[in-house]
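Side chains included, hydrogens not; waters and symmetry mates left out as well; all remaining heavy atoms used.
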Amino acid sequence: MENLENSSDSKETVSPLNNSGFKLNSTISHRDGKNMGFVLVHAGAGYHSESKAKEYKHVCKRACQKAVDRLRAGGLALEAVTAALVELEDSPFTNAGTGSNLNLSGEVECDASIMDGKSLNYGAVGALSGIKNPVLVSRRLLSETQKGKLSAGRIPPCFLVGKGAEQWAISHGIPACPTEKMTTKFSLSGYKRNKRKMELAEQVETKRRIQSCGHENDFGCLEPVEGEENNSACLDTVGAVVVDWEGNVAAAVSSGGLAMKHPGRVGQAAHYGCGCWAENARDVSLYSTAVSTSGSGEHLIRTMLARECSTAMQAENAHQALLEAMQNKFISSPFLAGEDCVLGGVIVLRCCTCGEAQRSEDIQALLVEFLWSHTTESMCVGYMSAQDSKARTAAICMPSHNKPVFGDRWPRVLGDDTTQSLPFCLLHSGSLRAAYRSLSKSTTRTHISRLPPGAVAGQSLAIEGGVCRLGTASD
């Protein structure tokens, strides 16, 4: 794999929120009452099979629509992001809620969290069974923390796990749902297939250990079976980020966890600063940011990637900042020094008040920049403003870094100089402009890209996104 850096013939990509440098196309979404806001969702960073491509895109569209419906009805970001997550969890094709991966015992255990950028409150559940929509429990936990202390001065919980989380949810009016109703034919067949492979691997390992007379051997990894879907399909955590008409941001994430995980394992989707992050601007010069992650939970937990990306988004150049955060805080993180394949993805939203509206007592125009980045083979996303008639969806993958490619299909990647170790490629230029243009059209943009031969998942990085202006001071 070649090491890549900026080439001399490529322009530096400057944030559309900046008034200088390379200016990318943008569209305006005018405010009609409270008809203003923006949502970006993901159906996971991992591997998206051709057989499920249509379903992945459809569920992203439905999730965007649910969120936008809440925004149009005057709902705030927290309500909209919850609506999006419920739709994603209800799909049998996502690894969250219904259809979640089964653990070693053949049971569903879900993780979820949600964060409100306005209050900075957070709610989460881990290893939760028996509840159809884990995000609703997270949302209720967040709401309860805002009510103040419990009797006798007790501090209300913001993070519950296991049986205690299930009991708390039921006691607060969230209905129970047996595991068999959350198990789908896809999750059950995957469990049975993985169970057989694990049993075979254990038999082979035992036999070889006996034959080697005690010599150490490196066995235990499940070999891929020809014709089966890529193992990274188990990484498809779902999530969403939203900005509302008041400029508040919120983020949420939900996951069924790794396939065949040990019972009680809690992934990044529940951990503070790892699964999602949302924070309103605290000063006129700062951006509001919202982040949701997907991928290998252990990698995301050890790097606290959601919070790291949010912090990075305060830089002037959002694209470069996210790229450097993914490279330095994730792929090359010292906390993952022993890992040769670092798998993960993020969706990021940041917004600021447009300069001409900052002094207005009327509604403030917002400039929203949205990006997604991943180290996995593909990532499926959808996005929509409250003014759009339909959601846009896309699934991206990394272009081959063996040869820098130019043009609309694969935008330019960062050069081929081997003097610096920067194993990433930056998607911008033509592809980003196409994405921006599509925001102003009523037609839906959908496609799922595949990782070309030669690109190495877990060691390479792709990034893409767009920009949207919401409202004007004179509306």
Side-chain angles (χ1 to χ4, degrees), residues 1-7 10 12-15 17-18 21 42 45 235 239 241 251 253 268 271-277 279 286-287 289-350 369-377 379 396-399 401 404 411-428 455-465:
M1 180 179 68
E2 289 190 4
N3 298 316
L4 307 175
E5 68 169 359
N6 282 320
S7 58
S10 63
E12 180 184 3
T13 305
V14 177
S15 168
L17 302 184
N18 185 20
H42 71 82
L235 302 178
V241 290
V253 61
Q268 107 284 352
H271 282 79
Y272 186 71
C274 305
C276 68
W277 191 264
E279 188 171 358
L286 298 179
Y287 301 105
T289 59
V291 182
S292 182
T293 69
S294 174
S296 177
E298 280 68 21
H299 295 167
L300 296 163
I301 291 170
R302 288 155 64 186
T303 55
M304 295 190 71
L305 188 62
R307 188 171 184 178
E308 289 285 3
C309 288
S310 176
T311 300
M313 286 300 98
Q314 296 302 325
E316 182 179 55
N317 187 328
H319 293 81
Q320 185 66 25
L322 180 59
L323 188 150
E324 291 177 357
M326 289 291 289
Q327 171 66 30
N328 301 328
K329 303 296 185 179
F330 192 55
I331 295 179
S332 301
S333 170
F335 297 101
L336 300 177
E339 303 289 344
D340 58 0
C341 184
V342 181
L343 298 171
V346 298
I347 58 172
V348 178
L349 177 154
R350 83 171 189 179
E369 193 166 6
F370 56 100
L371 305 106
W372 55 90
S373 179
H374 64 97
T375 67
T376 54
E377 293 190 32
M379 187 171 189
I396 61 168
C397 75
M398 293 161 283
H401 46 260
R412 68 181 58 179
V413 297
L414 300 184
D416 57 357
D417 191 326
T418 59
T419 59
Q420 294 189 31
S421 177
L422 296 174
F424 57 71
C425 48
L426 172 62
L427 302 185
H428 59 77
V456 182
Q459 298 179 10
S460 304
L461 174 63
I463 181 172
E464 193 172 5

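Here the closest heavy-atom approach between residue Ala321 and residue Ala312 is recorded as CB-O, 3.2 Å. Of all heavy-atom pairs between His299 and Cys341, the closest is CE1-O, 3.2 Å. Annotation for Met379 and Val346: closest pair CE-O, 3.7 Å, computed over non-hydrogen atoms. Between Gly295 and Leu300, the closest heavy-atom pair is N-CD1, 3.8 Å. When all heavy atoms of Ile331 and Gly458 are compared, the pair lying nearest together is CG2-O, 4.5 Å. Contact record, Phe330 with Leu336: O-CD1, 3.5 Å, taken as the closest heavy-atom pair.
Between the Thr293 side chain and the Cys274 main chain, a donor and an acceptor come within less than 3.5 Å of each other. Side-chain atoms of Arg350 come within 3.5 Å of backbone atoms of Met313 as a donor-acceptor pair (strictly under, hydrogens ignored). A donor-acceptor contact shorter than 3.5 Å is absent between the side chain of Ser310 and the backbone of Ala306. Remark: side-chain polar atoms of Thr375 are not paired, donor with acceptor, to backbone N or O of Ser460 under 3.5 angstrom.
Checked against ring pair (Phe, Tyr, Trp, His ring centres under 6.0 Å), Tyr272 has the following partners two or more places apart in sequence or in another chain: Tyr122, Trp277. In terms of the side chain to side chain donor-acceptor pair (under 3.5 Å) criterion, Glu308 has no residue partners (sequence neighbours excluded). Residues passing the salt bridge (Lys or Arg N to Asp or Glu O under 4.0 Å) test with Glu324: none are found, sequence neighbours excluded. Taking the side chain to side chain donor-acceptor pair (under 3.5 Å) definition, one finds that Arg302 meets it with Glu339, sequence neighbours left out.
In this structure, CD on Gln320 lies 8.5 Å from CD1 on Ile463, to the nearest 0.5 angstrom. Distance check: Ser333 OG to Met326 CE gives 11.5 Å after rounding to the nearest 0.5 Å. Taken to the nearest 0.5 Å, the CG atom of Leu349 stands 11.5 Å off from the OG atom of Ser292. For the atom pair NE2 (His319) and CD (Glu369), the distance works out to 5.0 Å, reported to the nearest 0.5 Å. Separation of atoms CG (Leu322) and NZ (Lys329) is listed at 13.5 Å; rounding is to 0.5 Å. To the nearest 0.5 Å, the span separating OG1 on Thr303 from CD on Gln268 amounts to 9.5 Å.
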Test Leu323 against Ser373 for side chain to side chain contact (heavy atoms under 4.5 Å, CB included), laying out the working first.
CA-CA 8 Å; Leu323 188 150; Ser373 179; over 6 Å; no

Full working for side chain to side chain contact (heavy atoms under 4.5 Å, CB included) between Phe370 and Ile347
CA-CA 8 Å; Phe370 56 100; Ile347 58 172; over 6 Å; no

